[in-house]
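A short write-up of the structure that comes next.
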2 protein chains.
Amino acid sequence: MTIQTRRERERAERERLIVTAARELAEAEGWDAVTTRRLAAEIEYSQPVLYSHFKGKDAIMAAVAVQGCADLAAELGAARAKARGVRESLAAVAETYTSFAQRRPALYDAMFTHLVDLPFATPEAPAPLREAFGELLHAVEPIAAEGDDPGLLTETFWAGLHGLVTLMRSGRLPAEAHERRLALLIGHFAGS
Amino acid sequence: MTIQTRRERERAERERLIVTAARELAEAEGWDAVTTRRLAAEIEYSQPVLYSHFKGKDAIMAAVAVQGCADLAAELGAARAKARGVRESLAAVAETYTSFAQRRPALYDAMFTHLVDLPFATPEAPAPLREAFGELLHAVEPIAAEGDDPGLLTETFWAGLHGLVTLMRSGRLPAEAHERRLALLIGHFAGS
DNA sequence: CAGAAAGGCTAGCGATGCTAGAATCACGGT
DNA sequence: ACCGTGATTCTAGCATCGCTAGCCTTTCTG
């Protein structure tokens with residue numbers, strides 16, 4: 001038994017090694033630099049080892065995305081804890097969200113831009129994904145009008161944040177007006 | 001002169017052929033199917049011919065994106081012409097925008113998702129891009145409060161639409177609630 | 001009509017994701 | 001103690017990608 005469990009423990013550790021190496025390489029040089037060869041060299045194993053852990057490169061990106069969602073959820077939670085009122089919570093969460101996207105663009109892409117076959121809007125979604133959405137939900141819920149579905153409102157607000165972030169990062173929106181656009185979005189959702 | 005102009009005319013025609021072939025292939029089978037070899041076969045020329053017209057595959061996608069913006073601008077203009085009031089115009093434009101994105105996902109990706117080096121938010125941006133944004137601006141302008149910059153408000157509203165579209169198409173938002181989310185977005189911008 | 005020049009094609013380079021099959025290692029039974 | 005067995009890892013290679021160098025044919029010019 002002990003020998004079996006040691007094997008499994010080492011295997012799990014190597015899997016974590018792969019995911020963190022992929023994340024760090026992506027954050028340092030972008031996802032284009034994360035080739036299977038480069039990643040294999042980084043973990044000091046050969047390429048096929050990657051495929052004994054993950055179905056392919058996309059699966060590795062998905063694992064990175066899940067880890068990223070945990071990070072985001074933690075940051076959002078911390079921001080919400082510091083904020084006082086309802087509107088301040090919303091603003092703090094929104095600011096933290098867009099800041100996260102700008103500080104860690106590669107991670108954000110894996111989470112929300114790249115096509116990846118993760119169950120998202122279902123109960124089977126990985127816990128970190130639901131937690132990150134839950135943080136948004138907690139901030140949006142208080143500003144929902146009677147009769148509004150808080151979940152739907154959160155999704156819509158999230159879409160606003162996501163749109164701002166992606167359009168700005170691709171150069172389609174000028175970056176210098178970001179704060180003002182964010183204020184407009186919050187203003188229109190929190191009721192001026 | 002005539003022979004020179006004929007040459008140039010034929011060259012321009014072939015360039016249009018490349019762009020439309022790329023667009024049709026992308027819309028039919030997705031951008032992954034648009035390889036330089038496949039595209040060359042489609043236009044019945046060899047690969048290097050593509051590179052005598054465009055710097056690379058990304059430049060071809062950019063040309064397709066510009067063409068797509070012209071299409072979108074036309075659709076938005078038609079929708080706005082039919083609508084009566086201020087709020088109806090906004091709703092019609094929003095509905096047309098998201099419908100366009102769902103009907104022609106590959107085209108939409110080239111325009112607004114794919115990383116492409118087109119000047120966007122500047123006066124040097126290609127005319128179709130400015131026209132498409134102008135259509136949005138015309139619909140959003142009337143609902144801007146005094147003191148609000150209509151351009152910034154349009155950008156923010158656009159971001160909301162873009163976020164809804166991209167998150168839904170990647171499976172991160174459930175598609176069946178799209179209409180209700182869109183109604184929420186419009187409601188919060190047009191003042192309940 | 002010979003030479004120059006322009007344009008298109010064949011062939012190939014380096015790199016990608018992924019995989020088959022050889023080789024190596026640790027383990028268990030006699 | 002030793003050898004066979006099974007799992008694990010690596011070497012080598014496939015098909016395909018975007019892109020380009022260099023030949024070759026065709027066309028224009030003096």
Side-chain angles (χ1 to χ4, degrees), chain A residues 1-19 21-23 25-26 28-65 106 109-110 114-118, chain B residues 1-19 21-23 25-26 28-65 106 109-110 114-118:
Chain A
M1 265 312 213
T2 64
I3 183 167
Q4 180 84 356
T5 58
R6 193 211 63 201
R7 281 272 165 92
E8 289 173 5
R9 191 178 58 239
E10 285 175 354
R11 233 189 110 74
E13 187 135 359
R14 196 173 59 180
E15 190 156 317
R16 276 195 299 275
L17 186 63
I18 293 173
V19 175
R23 180 179 54 73
L25 190 51
E29 306 183 30
W31 280 108
D32 282 350
V34 185
T35 68
T36 56
R37 278 167 238 272
R38 181 84 183 274
L39 188 53
E42 212 77 32
I43 65 170
E44 295 176 318
Y45 280 93
S46 68
Q47 279 182 282
V49 167
L50 301 174
Y51 294 89
S52 75
H53 288 272
F54 299 96
K55 191 182 169 189
K57 190 186 170 183
D58 284 356
I60 297 177
M61 288 188 70
V64 172
D109 277 353
H114 189 82
L115 247 297
V116 79
D117 60 344
L118 275 175
Chain B
M1 265 310 215
T2 64
I3 183 165
Q4 178 85 355
T5 59
R6 192 210 66 200
R7 280 272 164 91
E8 288 174 4
R9 193 177 56 239
E10 285 176 354
R11 229 188 116 73
E13 187 135 358
R14 196 172 60 180
E15 190 156 316
R16 275 195 299 274
L17 186 64
I18 293 173
V19 175
R23 181 179 52 73
L25 190 51
E29 306 183 32
W31 281 107
D32 282 350
V34 185
T35 68
T36 56
R37 279 166 238 272
R38 181 84 184 274
L39 188 52
E42 212 78 33
I43 64 170
E44 295 177 319
Y45 280 94
S46 67
Q47 279 182 282
V49 166
L50 301 174
Y51 294 89
S52 74
H53 288 271
F54 299 95
K55 190 181 169 188
K57 191 187 171 183
D58 285 356
I60 297 176
M61 288 188 70
V64 171
D109 277 352
H114 188 83
L115 246 298
V116 80
D117 61 343
L118 273 176

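Here is the naming used below: chain letters follow the sequence lines, and residue numbers restart at 1 for every chain.
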In whole Å, what is the span from the OH atom of A/Tyr45 to the C1' atom of C/dT24? 14 Å

Contact residues, residues 50-65 of chain A to DNA chain C [heavy atom, < 4.0 Å]: A/Tyr51, A/Gly56, A/Lys57

Could you state the CZ-P distance from A/Arg11 to D/dT8, rounded to the nearest angstrom? 7 Å

Could you tell me the separation between the CG atom of A/Leu17 and the P atom of D/dT9, rounded to a whole number of Å? 13 Å

Looking at B/Asp109, B/Val34, B/Val19, B/Ile18, which one forms a side-chain contact (heavy atoms from CB on, under 4.5 Å) with B/Val64? B/Val19

Could you tell me the separation between the CG atom of A/Leu39 and the P atom of C/dA15, rounded to a whole number of Å? 18 Å

Do the side chains of A/Ile43 and A/Leu50 get nearer than 4.5 Å, heavy atoms only? yes

Between D/dT27 atom P and B/Glu10 atom CD, what is the distance in whole Å? 11 Å

Just call it for B/Ser46: base, sugar-phosphate, or nothing, with non-hydrogen atoms closer than 4.0 Å on any strand. base

Spacing of B/Leu115 atom CG and B/Met61 atom CE [to the nearest 0.5 Å]: 10.0 Å

Whole-Å distance, B/Arg37 CZ to D/dC19 C1', equals 9 Å

Interatomic spacing from CZ in B/Arg7 to CD in B/Glu10 - rounded to 0.5 Å: 7.5 Å

Tell me the interatomic distance from A/Arg38, atom CZ, to C/dG14, atom C1', rounded to whole angstroms. 16 Å

So, do B/Arg14 and B/Tyr45 sit near enough that their side-chain heavy atoms are less than 4.5 Å apart? yes

Please determine, for the side chain of A/Pro48, which listed nucleotide (C/dC18, C/dT19, C/dG8) has the closest atom? C/dT19

Rounded to the nearest angstrom, tell me the gap between atom CD in A/Glu15 and atom C1' in D/dT9. 17 Å

Spacing of A/Arg38 atom CZ and A/Leu25 atom CG [to the nearest 0.5 Å]: 5.0 Å

Considering only heavy atoms from C-beta outward, does the side chain of A/Asp117 approach that of A/Asp58 to under 4.5 Å? no

Base D/dC10 paired with A/Gln47 side chain (donor-acceptor, <3.5 Å): no

